[in-house]
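What follows is a single structure, written as structure tokens, with notes after it.
Computed from a prediction, not measured in an experiment: that's the story for all the values here. In what follows, chains carry the letters A, B, and so on, assigned in the order in which the sequence lines appear, proteins first and then strands, with residues in each chain numbered from 1.
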Number of protein chains: 2
Amino acid sequence: MKQATFYHAGCPVCVSAEVEFAKALNPSEFRVSTVHLGEDSAQISTAERNGVKSVPAMVIDGNVFHINFGASIADLK
Amino acid sequence: MKQATFYHAGCPVCVSAEVEFAKALNPSEFRVSTVHLGEDSAQISTAERNGVKSVPAMVIDGNVFHINFGASIADLK
């Protein structure tokens with residue numbers, strides 16, 4: 001199983017992306033976890049180490065996919 | 001079944017996003033079609049009508065998700 005981590009901060013763009021993307025991945029191939037960086041700020045440094053620059057973003061097997069030019073991660077600190 | 005259309009222009013960012021995203025959607029929920037706007041320029045106006053501003057982008061049930069700040073669609077004309 002591949003690991004997919006969906007990072008967001010609760011904004012409307014994030015929520016729509018979560019519903020359409022995070023929940024759309026093939027459950028037989030992906031284990032999806034969701035991290036709300038607004039509520040769990042301890043995870044911001046992990047997200048940055050994973051290459052996340054803005055949210056919403058999806059990290060799949062180490063590859064980062066920023067979605068829809070969201071909020072910069074610097075703004076969440 | 002939901003319709004998901006993956007728009008790209010063959011660039012490396014697009015190809016990686018295609019492999020990780022377009023092919024990752026749950027096949028029992030999504031019918032995925034892929035459009036190479038570099039090769040099928042007649043589809044550019046359709047993509048624009050769907051709200052696509054840059055590629056790669058995924059349109060799921062009318063919702064547009066631009067991935068990783070790719071090439072502007074204007075550059076493909």
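- The interface of residues 23-30 of chain B with chain A, defined by heavy-atom distances below 4.5 Å, comprises B/K23, B/A24, B/L25, B/N26, B/P27, B/E29, B/F30.
- Contact record, B/A9 with B/L76: CB-CD2, 3.8 Å, taken as the closest heavy-atom pair.
- What you find for A/A47 and A/L37 is that their closest heavy atoms are CB-CD1, 4.1 Å.
- Taking 4.5 Å as the limit, every side-chain heavy atom of A/K2 sits out of range of all side-chain heavy atoms of A/R31.
- Among the candidates A/N50, A/D40, A/T34, the single residue satisfying the side-chain hydrogen bond (donor to acceptor under 3.5 Å, both in side chains) test with A/Y7 is A/N50.
- Heavy-atom distances place both the backbone and the side chain of A/N68 under 4.5 Å from chain B.
- Taking all atoms of both residues into account, the shortest heavy-atom contact from A/A4 to A/M58 is CB-SD, 4.3 Å.
- The shortest heavy-atom contact between A/V52 and A/A57 is CG1-CB, 3.9 Å.
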